[in-house]
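Down below is the structure, laid out as structure tokens.
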Amino acid sequence: MENLQRRTDDGQKISFTPNFSQVFFNTDRHFRSRYELFGRGGDGTNRLVILCLGLLNAVLLITAIVIGINCAKVREGSLQVSHSAATQLISELNYLRSNHSDVMEAEEEAKNAFERAVKNHAQLKVTIEQQKTINDEYQKQIEALLTEKTNLQSNISALEGTCGRCLPSWILLNTSCYFFSYIEFSTVKKNWPDSRADCVSRGADLIVIDNQEEQKFVSDSIENLKKGNIWENGFWIGLTDTESEGTWVWINNVTEVEQRYWMEGEPNNIGQLGEDCGVAVYGPNNPWKTRYDASCQGQKHWICEMISS
């Protein structure tokens, strides 16, 4: 190793030789290096070194203090920013909680409204069905009234032609007045005895058909009043064989001998109760064949006849 030399302020030379051979760890495990200084002025140099080290420590201390202060400021700023962000997040959380509560209430209200709407729909459906049933009944009544109106209009000339010789709802033909129960009671039917009793209560009796004109009048009148199933749309007349089976007698005690007015195969007296009362119908195939026999307890409309005034 070469010697290092330096001059002092008074011009003296100082030489020193670093000796790195004696580098070791002491007992407290600290690294240690020893330099051997050779030459004059060794104490002054040591003081200079110590002074430099002291200045360096002071600088490091000041630097550490400045860094600490800056770190504290940064930390304080970070805390302020974090506190502000946390406050904002808490506010937003509270807002979301409030909105969530409102949404839940709105959902519950919507659910209740939907249930009410379903219940109202079911009630409305029932009401519609009821109204439909009522409308159907009204429609039937309207149809019946229209039919009755048509029937009344078809007989208006005959009604006007009575000129007071017949009661209201009675039809005049020659010297007799005729009452067709369907005109006044379209839905009322009676058995043969009750039908005759009704005619008697009106000052009349069941019709007695004793000529072709009257036969045609009855047939045409029934055609205008009722159409359809002839077995259901017949009218009781004053003809019966209750006294002697097979011998048909009018209520005026005149025996019916004319056979051409009976329908094909009639009278036939079918049934356990027998068929002992005469019925008049409209025969679409043959307008002259307009009678058949039926049980006197059957329910039908009836025709009354009385002498005009």
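Fair warning: this is a prediction, and the values are worked out from it, not measured in the lab.
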Under 30°, 30 to 60°, or over 60°: which ring-plane class applies to F235 and F180, parallel, tilted or perpendicular?
-> perpendicular

Salt bridge check: are R202 and D198 linked by an N-O gap of less than 4.0 Å?
-> yes

Output the distance between atom OG (S195) and atom CG (D205), rounded to the nearest 0.5 Å.
-> 11.0 Å

Do other residues, nucleotides or ligands put more than 12 heavy atoms under 6.0 Å from E115 CD?
-> yes

When rounded to the nearest 0.5 angstrom, what distance separates NZ in K216 from OG1 in T290?
-> 12.0 Å

Without swapping roles, check the side chain of N224 against the backbone of D220 for a donor-acceptor pair under 3.5 Å.
-> yes

Can you tell if the side chain of W236 reaches within under 4.5 Å of the side chain of C277, non-hydrogen atoms only?
-> yes

Is a side-chain N or O of H301 found less than 3.5 angstrom from the main chain of G234, in a donor-acceptor match?
-> no

Within one Ile-Leu-Val-Met-Phe-Trp-Tyr cluster: F185 and L167, side-chain cutoff 4.5 Å = yes

Check against side chain to side chain contact (heavy atoms under 4.5 Å, CB included), I270 and E275 | CA-CA 6 Å; I270 294 178; E275 296 179 332; 4.1 Å; yes

How many angstroms lie between CG in D210 and CD in E256, if you round to the nearest 0.5 Å?
-> 9.5 Å

Does CD in E109 sit with more than 12 non-hydrogen atoms of other residues, nucleotides or ligands closer than 6.0 Å?
-> no

Nearest heavy-atom approach of S176 to I307 is OG-CD1, 4.1 Å

Joint hydrophobic cluster, I183 plus F217, side-chain heavy atoms closer than 4.5 Å | yes

Non-hydrogen side-chain atoms of V281 and R291 separated by less than 4.5 Å | no

Does the pair E108 and M104 meet the rule for a side chain to side chain contact (heavy atoms under 4.5 Å, CB included), with working shown?
-> CA-CA 6 Å; E108 185 67 21; M104 293 298 293; over 6 Å; no

To the nearest 0.5 Å, atom CD of E266 lies from atom OH of Y292 at 8.5 Å

Backbone N or O of E243 within a donor-acceptor pair of the T247 side chain at under 3.5 Å?
-> no

Considering non-hydrogen atoms only, spot the tightest contact between S219 and Y282 and give its length.
-> OG-CD1, 3.4 Å

Value for CZ (R196) from CG (L206), rounded to nearest 0.5 Å, stands at 6.5 Å

Begin from the C-alpha positions of E213 and N174 and carry the test side-chain hydrogen bond (donor to acceptor under 3.5 Å, both in side chains) through to its verdict.
-> CA-CA 10 Å; E213 183 181 8; N174 296 327; 3.3 Å; yes

How many angstroms lie between CD1 in I65 and CG in L60, if you round to the nearest 0.5 Å?
-> 11.0 Å

So, for W170 and F179, is the gap between ring centers shorter than 6.0 Å?
-> yes

Would you please indicate yes or no on a ring centroid separation below 6.0 angstrom for W262 and W248?
-> yes

Could you check W302 against C199 for side chain to side chain contact (heavy atoms under 4.5 Å, CB included), going step by step and ending with a plain yes or no?
-> CA-CA 9 Å; W302 61 97; C199 291; 3.6 Å; yes

Q215 versus W288, closest heavy-atom pair with distance | NE2-O, 3.6 Å

Taking all non-hydrogen atoms of both residues, which atom of E264 and which atom of K289 are closest, and how far apart?
-> OE2-CE, 3.1 Å

Of the non-hydrogen atoms in W250 and I207, which two are nearest, and what is the gap between them?
-> CZ3-O, 3.6 Å

Validation row: I209, V218 side chains within 4.5 angstrom (heavy atoms) | yes

Check the hydrophobic clustering (I, L, V, M, F, W, Y; side-chain heavy atoms under 4.5 Å; chains of links allowed) and say if V188 and I303 are grouped together.
-> yes

Steps toward side chain to side chain contact (heavy atoms under 4.5 Å, CB included) verdict (N268, D293) | CA-CA 7 Å; N268 52 24; D293 59 340; 3.4 Å; yes

Of all heavy-atom pairs between A204 and E305, which one has the smallest distance, and what is that distance?
-> CB-O, 3.1 Å

Output yes when a side-chain donor or acceptor of D194 lies under 3.5 Å from a complementary backbone atom of K190, and no otherwise.
-> no

Transitive ILVMFWY side-chain link L173 to Y261, under 4.5 Å = no

Within a reach of under 6.0 Å around CD of Q123, are more than 12 heavy atoms found that belong to other residues, nucleotides or ligands?
-> yes

